[in-house]
Amino acid sequence: MAQSGAGIQELMAAETRASQIVAEARMGRGNRMKQAKADAQELIDSYRAEKKKNSTMAQSGAGIQELMAAETRASQIVAEARMGRGNRMKQAKADAQELIDSYRAEKQEEFNNMVLSKGGTEGDASAQLQSDTDKEIGDMQSQFKTNAQKAVDILLGKCCEVSLEVPTARVRSTQKAAGINV
């Protein structure tokens, strides 16, 4: 009975230490998730070794139950550490998006102020861009009209030019395939 009470105290001490490890991982101290897992596993292993050394056949049932409880608690500790890490990542993403949005809004405001300070409005800049685009399109269409016939003539010339001369490499390969030596 005294040994069972000591086992419970050891279990409670192991749980307390594991909780401290998780708290450190949540606060950013320690080695985060891997360290919490390793420490929890180390606590379980040391508890197993202690119980194996001190246990007898009659106490093995209670020891197994305590061990299973310790393993369950250790898995809960690891799960809590994972959830804490996930929550920190979500919060960091939200903070980063908020920072990006504020920066984007600031730069858009600077751009709008610059456009207005140059004496233009958004409508004037848009109209100027549209007229420049229309002029460039007109230039490209006139170039197409002047060069279209030249392009057609070049294509027809290449298509209609047929050389009736057989290349010497082709003649040699045909002779070799037929078994004719020249």
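Computed from a prediction, not measured in an experiment: that's the story for all the values here.
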(Q) How long is the straight-line distance from OG of S75 back to CD of E80, given to the nearest 0.5 Å? (A) 9.5 Å

**Q.** S142 side, atom OG; I137 side, atom CD1 - distance, nearest 0.5 Å
**A.** 12.0 Å

Q: Search all heavy atoms of T146 against all heavy atoms of Q143 and return the closest pair with its distance.
A: OG1-O, 2.9 Å

Q) Atom CG in L129, atom OG in S131: separation rounded to 0.5 Å? A) 8.0 Å

Q.
Within this structure, what is the CD1-CG distance for the pair I100 and D95, rounded to the nearest 0.5 Å?
A. 11.0 Å

Q.
Suppose we screen for side-chain hydrogen bond (donor to acceptor under 3.5 Å, both in side chains). Which residues come up paired with E98, at least two apart in sequence or across chains?
A. none

Q. Between atom CD of Q130 and atom OG1 of T133, what is the distance when rounded to the nearest 0.5 Å?
A. 5.5 Å

Q.
Side chains of R104 and D101, heavy atoms from C-beta outward: is any pair under 4.5 Å?
A. yes

Q: State which residues pass side-chain contact (heavy atoms from CB on, under 4.5 Å) with F111; sequence neighbours excluded, sorted by chain then number.
A: Q108, M114, V115

Q) Does any donor atom in the side chain of N87 or Q91 lie under 3.5 Å from an acceptor atom in the other side chain? A) no

Q) How many angstroms lie between CG in D139 and CD in E136, if you round to the nearest 0.5 Å? A) 7.5 Å

